[in-house]
Amino acid sequence: MERRLRSGSLVRILVVQPASPAEELAENRLGIQADHARRTAQTHGTLTHLERLHASVGGRLEVRVTTEELSFGWTHISPGTSRATLYLQYYAYKIQRLENMKMILRPADGQWYDFHVDQLEAFWVNATPWGTAS
């Protein structure tokens, strides 16, 4: 991520709002004893790390928080281009196996790619820029 920021790439990060019902649901999804205070501390740590990264590297880093439960994580490389690649990992519910459902989608995958990109953009548009979240 640091390399991408230094090269001028836009990096957008969506994080679940700390101490929100969505964060609580994410913690409850794990197959272990829920520890909501730990999860909130981890989320704050992630946001602090991103703030420090931006302060030291600069670049085009945008961070938003959402109060929506996220059922998957993703990395979207070169969006809007023919080389775009979308890496998805769906989060399992109370299953501790490491081989959760993972997908790699490209524009040539048609409706599957388009569906997921539309979902990602809807999450992004409805999220709050970090720093203005309450």
Side-chain angles (χ1 to χ4, degrees):
M1 185 168 38
E2 182 178 335
R3 183 179 54 78
R4 288 188 179 280
L5 287 169
R6 287 189 192 281
S7 72
S9 295
L10 172 63
V11 176
R12 299 189 319 180
I13 308 284
L14 182 65
V15 178
V16 174
Q17 173 73 40
S20 68
E23 187 184 64
E24 187 173 315
L25 287 168
E27 180 67 12
N28 291 341
R29 180 188 303 127
L30 300 174
I32 60 174
Q33 178 67 38
D35 183 343
H36 300 286
R38 177 192 52 81
R39 172 64 66 135
T40 296
Q42 284 179 334
T43 304
H44 278 293
T46 296
L47 292 166
T48 298
H49 175 73
L50 291 169
E51 289 168 354
R52 287 181 185 148
L53 178 65
H54 188 257
S56 68
V57 175
R60 299 169 51 205
L61 176 64
E62 296 179 14
V63 179
R64 293 188 181 190
V65 293
T66 182
T67 56
E68 298 295 327
E69 180 186 13
L70 301 176
S71 60
F72 54 87
W74 66 88
T75 302
H76 198 186
I77 307 293
S78 301
T81 71
S82 60
R83 301 181 336 264
T85 305
L86 180 58
Y87 300 92
L88 290 166
Q89 179 174 354
Y90 278 83
Y91 302 138
Y93 179 75
K94 298 195 183 255
I95 296 174
Q96 295 183 20
R97 293 188 311 237
L98 297 177
E99 65 274 4
N100 294 341
M101 191 168 117
K102 298 176 185 178
M103 290 191 285
I104 300 173
L105 297 170
R106 295 184 176 84
D109 293 315
Q111 67 180 356
W112 287 106
Y113 176 83
D114 295 340
F115 171 81
H116 285 90
V117 168
D118 289 348
Q119 285 288 288
L120 306 180
E121 287 304 314
F123 275 122
W124 185 259
V125 166
N126 289 298
T128 303
W130 177 244
T132 62
S134 52

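Computation of the quantities below employed the complete heavy-atom set of this structure, encompassing side-chain atoms and omitting hydrogens, waters and symmetry-equivalent molecules.
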So, does T85 use its side chain to make a donor-acceptor pair with the main chain of R83 at under 3.5 Å? yes
Just how far is it from atom CH2 of W130 to atom OG1 of T46, taken to the nearest 0.5 Å? 10.5 Å
Atom CD in Q119, atom CZ in F72: separation rounded to 0.5 Å? 5.5 Å
Mind running side chain to side chain contact (heavy atoms under 4.5 Å, CB included) on L47 and V65 for me, showing each step along the way? CA-CA 9 Å; L47 292 166; V65 293; 4.3 Å; yes
Using side chain to side chain contact (heavy atoms under 4.5 Å, CB included), reason through Y87 and I77 one step at a time and then give a plain yes or no. CA-CA 8 Å; Y87 300 92; I77 307 293; 3.9 Å; yes
Sequence neighbours excluded, the answer for side chain to side chain contact (heavy atoms under 4.5 Å, CB included) partners of R60 is L10
Sequence neighbours left out, what passes salt bridge (Lys or Arg N to Asp or Glu O under 4.0 Å) with E62? Give chain and number order. none
My understanding is that only residues two or more places apart in sequence, or in another chain, count here; which of them pass side chain to side chain contact (heavy atoms under 4.5 Å, CB included) with A84? H76, T81, P107, Y113
Can you name the nearest heavy-atom pair linking S20 to V16, along with the distance? OG-CG1, 3.7 Å
If you compare all heavy atoms of T66 against all heavy atoms of A127, which two are closest, and at what distance to 0.1 Å? CB-CB, 4.3 Å
Are I104 and V117 in one and the same hydrophobic cluster, where Ile, Leu, Val, Met, Phe, Trp and Tyr link if side-chain heavy atoms are under 4.5 Å apart? no
Distance check, rounded to the nearest 0.5 Å: M103 atom CE versus Q89 atom CD? 11.0 Å
Just by distance, do the side chain of R4 and the backbone of S9 share a donor-acceptor pair under 3.5 Å? no
Give, for atom CG of L88 and atom NE2 of H116, the distance between the pair rounded to the nearest 0.5 Å. 5.0 Å
So, using salt bridge (Lys or Arg N to Asp or Glu O under 4.0 Å) as the criterion, who are the partners of E51 when residues are at least two apart? none
With distance as the sole test, does D109 use its side chain to make a donor-acceptor pair with the main-chain N or O of R106 at under 3.5 Å? yes
For P18 and T40, work out which heavy atoms get closest and say how close. CB-CG2, 4.3 Å
Evaluate L50 against M1 for side chain to side chain contact (heavy atoms under 4.5 Å, CB included), listing each step before the verdict. CA-CA 10 Å; L50 291 169; M1 185 168 38; 3.9 Å; yes
Given E68 and N126, is the side chain to side chain contact (heavy atoms under 4.5 Å, CB included) satisfied, shown in steps? CA-CA 9 Å; E68 298 295 327; N126 289 298; over 6 Å; no
Return the CG to OG1 distance between L14 and T128, rounded to the nearest 0.5 Å. 10.0 Å
Would F123 end up clustered with V125 when hydrophobic side chains under 4.5 Å apart are linked, directly or stepwise? no
Would L86 end up clustered with F115 when hydrophobic side chains under 4.5 Å apart are linked, directly or stepwise? no
With sequence neighbours left out, the residues meeting side chain to side chain donor-acceptor pair (under 3.5 Å) with R52 are none
Sequence neighbours excluded, which residues qualify as side chain to side chain donor-acceptor pair (under 3.5 Å) partners of R12? E121
Mark yes when over 12 heavy atoms from residues, nucleotides or ligands other than W124 sit less than 6.0 Å from its CH2; otherwise mark no. yes
